[in-house]
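Notes follow once the structure below has been shown.
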Amino acid sequence: MGVFTQRGIKVEHNKNTAGMRALRMDRCESVALPMKQHIGAACVPCAEPGDYVLAGQLVGKAEAPVSAPIHASISGTVQKPETIRLPDGEDVQAVVIKSDGKMERIEACPPQVDSPEAFMQAVRDSGLAGLGGAGFPAHAKLRGAAGKANILLVNAAECEPYITADHREALDNGEDVIDGIRHICKWLGIKEAVVGIEDNKPDAIAHMRTLCKQNTPPELQIKTGVLPSRYPQGAEKMFIRSLTGRAVPLGNLPQDAGVLSMNVGSVAFLGRYMRTGVPLISRTVTVDGGAAPRPMNVRVPIGIRLRELCAFCGIEQPPAKILLGGPMMGAAAPDLDAILCKCNNAVLLFDQEQAAYKPEAACIRCGACLRGCPMRLQPFRLEQAYDARDAQALQELYAEACIECGCCSYVCPAGRSLVQSIRMGKRLLKAKEAGNKNG
């Protein structure tokens with residue numbers, strides 16, 4: 001159990017913004033920068049109320065090994081700190097900056113890198129956390145892969161409906177992707193890299209293939225891999241299996257299979273950072289949905305509130321539902337006062353029809369969730385185990401192998417909230433493990 005298959009499901013692509021370059025949004029009234037925008041430990045604020053800061057200036061120090069520093073995304077004056085509730089329910093302190101309207105930046109210069117250790121430090125200083133959504137600090141991922149990975153996989157699959165931020169990154173900043181690949185492979189001693197793209201993005205495939213042919217040095221093989229458009233093709237384990245045939249067993253990391261997998265936006269950012277020294281202060285997001293009359297891609301300062309983004313996009317009517325991320329794995333936001341963090345690649349604004357829930361009925365034992373699960377799990381039995389609070393059954397059914405892709409809930413004709421039950425079951429297991437350790 002827990003070995004990845006090519007099951008998955010077919011979903012409507014709805015890539016309405018695939019042909020749209022990202023518009024840059026530099027002006028906003030304020031930003032709120034949570035001191036935790038990544039997996040790991042929160043940062044320590046290093047800016048006081050009343051301080052004047054420039055875009056790119058450090059405002060949150062990363063003192064733990066698994067953490068990523070936070071930089072001001074606009075210029076302005078630091079306000080009284082706020083407490084921000086993250087989508088997972090955790091409350092963290094945020095540095096609030098009121099814009100001066102100038103968007104002045106620090107004087108940045110390319111990092112001086114002459115060794116693998118200097119490269120790791122430069123990546124850490126950049127503030128990069130995985131831009132594909134997971135949010136793992138990039139320097140920690142690179143350190144873990146050093147000496148183990150013999151291939152770099154660049155994830156541009158973008159299998160979630162609506163989202164086209166990665167598609168545009170490959171099309172508009174392909175040279176940065178190649179530069180990022182070169183730096184990563186040079187300092188980690190990797191000789192092969194593959195950019196994986198789903199076959200519903202033929203323009204990005206053609207563009208990256210041309211760049212790979214033109215820019216591949218003799219000591220490095222860079223190529224483009226074409227993947228079938230099947231959700232969740234972009235999920236790390238499925239992505240690795242599709243491109244390399246290697247399986248990452250339950251409880252292991254990609255590096256244990258000799259693979260370093262990174263999002264295309266993360267790799268492109270590293271290419272730019274090594275050239276400019278400008279830290280991670282903005283990102284591209286897709287704004288779409290039935291409540292968005294003009295879907296678009298927007299390059300936004302990190303930490304802006306959704307209310308300002310919606311105004312920029314010409315959205316006047318409040319949406320019935322807000323998702324940060326895609327419709328399959330995104331997190332619901334309570335209102336337009338929510339903020340955009342490093343890991344948010346989309347804002348979906350649904351109207352009443354899109355937001356309506358399917359009426360929930362009893363499980364009819366049709367097996368649709370079994371056939372759709374890419375991890376070969378038994379979602380309906382996992383739901384039963386959670387409802388019974390049966391930790392032993394959850395463990396025996398490999399609840400921890402669930403990647404929370406939402407395939408089971410999507411295909412269920414009874415409208416069962418299967419993935420939510422499994423997610424809560426995983427939390428139940430963690431709580432029990434913590435209790436056993438403390439007891």
Side-chain angles (χ1 to χ4, degrees), residues 8-18 20 84-90 132-133 158-167 231-232 234-235 284-298 300 304-341 343-364 368-369 372 379 383 386 402-424:
I9 58 174
K10 283 286 186 179
V11 295
E12 293 185 16
H13 297 147
N14 295 327
K15 304 288 189 177
N16 305 313
T17 57
M20 302 179 185
I84 299 289
R85 177 158 292 175
L86 302 177
D88 65 359
E90 182 180 1
E158 202 163 49
C159 57
E160 279 255 23
Y162 293 101
I163 310 175
T164 63
D166 287 349
H167 186 174
Y231 181 82
T284 297
V285 297
T286 298
V287 180
D288 203 344
R294 291 189 302 132
M296 62 181 69
N297 290 307
V298 188
V300 299
I304 68 163
R305 300 192 186 274
L306 299 188
R307 194 173 305 281
E308 290 199 66
L309 175 60
C310 288
F312 178 83
C313 296
I315 298 167
E316 298 177 353
Q317 299 298 321
K321 187 169 187 176
I322 308 165
L323 289 178
L324 298 177
M328 301 298 291
M329 296 185 72
D335 52 44
L336 293 176
D337 287 326
I339 63 170
L340 279 169
C341 295
C343 305
N344 300 136
N345 55 5
V347 177
L348 299 186
L349 306 166
F350 286 168
D351 56 25
Q352 289 288 352
E353 182 179 352
Q354 292 174 316
Y357 281 99
K358 184 190 297 184
E360 188 171 283
C363 174
I364 61 174
C369 61
E383 181 192 41
Y386 171 68
C402 174
I403 60 175
E404 301 179 20
C405 63
C407 287
C408 53
S409 295
Y410 183 86
V411 300
C412 178
R416 307 293 299 176
S417 300
L418 296 168
V419 69
Q420 288 85 352
S421 293
I422 299 171
R423 184 180 294 122
M424 295 306 296

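Starting from 1, each residue takes its place in the sequence as its number. Scope of the values below: all heavy atoms of this structure, side chains included, with no hydrogens, waters or symmetry mates.
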Legend entry - Distance-minimising heavy-atom pair for Cys408 and Cys369: CB-CB, 3.8 Å
Inset, instruction - Measure the CD-OG1 distance between Glu158 and Thr286 for me, rounded to the nearest 0.5 Å. - result: 6.5 Å
Legend entry - Arg416/Glu360 under salt bridge (Lys or Arg N to Asp or Glu O under 4.0 Å): CA gap, chis, key distance, verdict: CA-CA 6 Å; Arg416 307 293 299 176; Glu360 188 171 283; 3.6 Å; yes
Inset, instruction - Please report the closest heavy-atom contact between Tyr162 and Thr17, naming both atoms and the distance. - result: O-OG1, 4.0 Å
Legend entry - Lys321 side-chain N/O to Gln352 backbone N/O, donor-acceptor pair under 3.5 Å: no
Legend entry - Between CD on residue Glu404 and CD on residue Gln420, distance to nearest 0.5 Å: 9.5 Å
Inset, instruction - Nearest 0.5 Å please: distance from the OG atom of Ser409 over to the CE atom of Met328. - result: 8.0 Å
Legend entry - Interatomic spacing from CG in Leu309 to CE in Met296 - rounded to 0.5 Å: 9.0 Å
Inset, instruction - Indicate the atoms forming the closest heavy-atom contact of Ile9 with Gly372, along with that distance. - result: CG2-CA, 4.1 Å
Inset, instruction - Using the side-chain contact (heavy atoms from CB on, under 4.5 Å) rule, pick out the option among Val287, Thr284, Asp288 that qualifies with Asn297. - result: Thr284
Legend entry - Nearest-0.5 Å distance, CG of residue Leu418 to SG of residue Cys407: 11.5 Å
Inset, instruction - Locate the shortest heavy-atom distance separating Ser421 from Glu383; write the atom from each residue and the value. - result: OG-CG, 3.6 Å
Inset, instruction - Please determine which of Leu324, Ile339, Ile315, Asp335 meets the side-chain contact (heavy atoms from CB on, under 4.5 Å) test together with Leu306. - result: Leu324
Legend entry - Shortest non-hydrogen contact between Ile403 and Pro232, atoms and distance: CD1-CG, 4.2 Å
Legend entry - Donor-acceptor pair, side chain of Tyr410 and main chain of Cys405, under 3.5 angstrom: no
Inset, instruction - I would like to know whether Arg305 and Leu336 meet side chain to side chain contact (heavy atoms under 4.5 Å, CB included); could you show each step before the answer? - result: CA-CA 7 Å; Arg305 300 192 186 274; Leu336 293 176; over 6 Å; no
Inset, instruction - Answer yes or no: is there a donor N or O on one side and an acceptor on the other, between the side chain of Glu160 and the main chain of Gly325, under 3.5 Å? - result: no
Legend entry - Contact summary for Cys159 and Gly234, nearest pair of heavy atoms: SG-N, 3.3 Å
Inset, instruction - Determine whether more than 12 heavy atoms belonging to other residues, nucleotides or ligands lie under 6.0 Å from atom CD of Gln317. - result: no
Inset, instruction - To the nearest 0.5 angstrom, please state how far the SG atom of Cys402 sits from the CD1 atom of Ile422. - result: 4.5 Å
